[in-house]
Number of protein chains: 2
Amino acid sequence: MSEQILIVEDEVKLANLMSDFLSSHHFVTHQIHHGNEVLPWLEINRPSVILLDIMLPGQSGIELCKAIRQFSNVPIIMVSAKVEEIDRLLGLELGADDYICKPFSYAELVARVKAILRRLNSAEPKATVMQLDESTYTVKFKTSCIELTNFEFQLFKPLFNNPNRIYSRDSLMDTMYADQRIVSHRTIDSHIKKLRKKLDELTQTDSVIQSVYGVGYRFVHPQG
Amino acid sequence: MSEQILIVEDEVKLANLMSDFLSSHHFVTHQIHHGNEVLPWLEINRPSVILLDIMLPGQSGIELCKAIRQFSNVPIIMVSAKVEEIDRLLGLELGADDYICKPFSYAELVARVKAILRRLNSAEPKATVMQLDESTYTVKFKTSCIELTNFEFQLFKPLFNNPNRIYSRDSLMDTMYADQRIVSHRTIDSHIKKLRKKLDELTQTDSVIQSVYGVGYRFVHPQG
DNA sequence: CTACAATCAGTATTTGTTCGCTCATAGAGT
DNA sequence: ACTCTATGAGCGAACAAATACTGATTGTAG
């Protein structure tokens with residue numbers, strides 16, 4: 001089971017280097033080069049760690065850090081060009097987990113990432129017993145496992161990655177039809193129905209996906 | 001420690017009466033009879049409450065209220081000669097804390113002033129322990145949490161975000177019916193009832209949402 | 001042919017709105 | 001201070017409207 005690292009860095013060359021090095025340590029990476037793309041991406045994905053540069057086009061790393069902390073405790077490592085800037089950041093109490101100063105050695109980068117993950121894994125004895133496996137399009141729960149269709153999987157991903165958060169049908173549609181295609185809201189219902197059937201069978205409970213009247217759907221973790 | 005009340009009222013006789021009555025309740029008062037004298041006075045003094053008449057020579061009460069809000073959150077009670085005018089004032093969203101209509105009983109005057117001060121003193125020391133979560137449509141208080149329907153949430157949001165501020169039923173309607181649809185005032189009552197039930201259960205107190213007779217509703221933060 | 005996506009129409013459910021009544025409040029008159 | 005009256009507010013229950021679910025059906029790609 002490999003961890004996904006989000007790299008937010010506008011210098012593409014640097015981002016690639018970071019990516020390469022982390023990959024060689026068996027991390028899966030995703031790059032974002034513009035500040036404004038971060039929050040939308042996080043609505044659908046849930047990385048294990050975020051490496052967040054401060055100087056960015058669009059929303060700055062500082063704004064983003066604050067914004068992310070509104071809804072998630074995902075570990076954030078702030079990346080800054082200047083030592084003095086880090087001092088200033090510490091004063092802001094953004095809620096970042098670590099700070100790293102450019103230029104950094106790649107050994108240091110990996111060390112910090114691993115340190116964070118080690119802390120995290122030892123602190124939380126695996127609260128989520130349900131897991132999404134992107135490579136096989138399966139959902140695992142306890143000892144069982146089900147397969148989802150591509151469509152079902154894309155639909156479920158944002159819901160699963162942001163438990164309790166309510167998604168409107170429109171926003172769910174947006175995540176699966178990149179081409180802005182418009183389908184009936186009943187279509188979403190239909191897929192939700194299939195998802196529910198599979199998931200409820202898996203978890204032996206109902207209401208893993210709940211409807212919120214007039215708003216949309218949300219996922220809540222099952223007992224156990 | 002006695003509280004100072006600023007009385008802005010051009011009718012000197014009325015101002016004196018107000019002054020006398022408030023003094024008898026151990027408030028220190030200061031009178032100003034011309035609109036243009038208010039801002040200069042406030043640069044040097046800091047009253048606990050301002051009673052602000054609307055019809056004034058020089059700067060009107062409306063202008064003054066706006067101007068004062070630029071630099072201070074001092075409680076302002078607007079004093080108006082007509083009920084209809086209050087409705088208009090609410091629409092302007094001046095940021096006043098309360099409204100009182102001439103002619104008023106002096107008991108009422110004192111009651112309002114005391115209410116404001118009580119609210120202020122109890123609200124000041126603690127940060128917001130109550131939270132609105134837009135992504136999950138929930139209200140959190142201490143360790144508990146309740147869910148609101150879409151409608152209830154939209155209704156509660158303005159009240160919550162501007163504690164102590166009074167919203168008329170009409171202005172609440174405006175915020176939820178963008179299409180200028182008109183519904184009965186009893187409809188708002190009905191939703192307020194449901195909101196109150198949920199909120200009171202959450203906070204274990206009553207009167208988190210208060211009625212202001214003849215005007216509307218306001219939200220006050222519960223005790224911590 | 002099969003598996004899956006999309007749609008539709010009928011039904012079920014949830015929520016929003018109104019009604020009619022009672023109670024509360026504020027001001028006026030005695 | 002006391003009632004009286006007009007108006008506002010609270011509330012339960014009936015009603016209306018909006019929204020969601022379901023199963024059947026059609027469309028489509030491999």
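What's counted below: heavy atoms across the whole structure, side chains too, no hydrogens, waters or symmetry copies. Letters go in sequence order (proteins before strands), and every chain restarts at 1.
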Please state how far atom [atom1] in [X] lies from atom [atom2] in [N], giving the value in whole angstrom units.
X      : N      : atom1 : atom2 : answer
B/H185 : C/dG20 : NE2   : P     : 18 Å
A/D170 : D/dT19 : CG    : P     : 12 Å
B/D179 : C/dT17 : CG    : C1'   : 14 Å
B/I192 : D/dG12 : CD1   : P     : 16 Å
A/L155 : C/dA6  : CG    : C1'   : 14 Å
A/E147 : C/dC4  : CD    : C1'   : 14 Å
B/R181 : C/dG16 : CZ    : P     : 11 Å
B/L109 : C/dA26 : CG    : P     : 14 Å

Check every atom of [options] against the side chain of [X] and return the nucleotide holding the closest atom.
X      : options               : value
A/H191 : D/dC21, D/dG10, C/dA6 : C/dA6
B/S184 : D/dA20, C/dT18, C/dA6 : C/dT18
B/K193 : C/dT7, C/dT18, D/dC11 : D/dC11
A/S211 : D/dC21, C/dT18, D/dA9 : D/dC21

Please list each protein N or O that sits under 3.5 Å from an N or O in nucleotides 10-15 of chain C, with the distance.
residue, atom, partner, partner atom, Å
C/dT14, O2, A/Y213, OH, 3.0

What distance do A/D53 atom CG and A/I50 atom CD1 have between them, rounded to the nearest 0.5 Å? 13.5 Å
N or O in side chain of [X] less than 4.0 angstrom from [N] OP1/OP2:
X      : N     : result
B/Y217 : D/dG8 : no
A/T187 : C/dT7 : yes
B/R169 : D/dA9 : yes

Salt bridge check, B/E152 against B/K194: does any charged N sit closer than 4.0 Å to a carboxylate O? no
Does B/D98 pair with B/K114 as a salt bridge, N-O distance under 4.0 Å? no
Taking atom types as modelled, find out whether B/D170 and B/H185 have a side-chain donor-acceptor pair closer than 3.5 angstrom. yes
Would a 4.5 Å heavy-atom cut-off, applied to side chains only, mark A/I209 and A/F156 as touching? yes
Residue pair A/P47 / A/H30, side-chain heavy-atom distance below 4.5 Å: no
Return yes if some donor-acceptor pair links the side-chain N/O of A/H34 with the main-chain N/O of A/N36 below 3.5 Å, else return no. yes
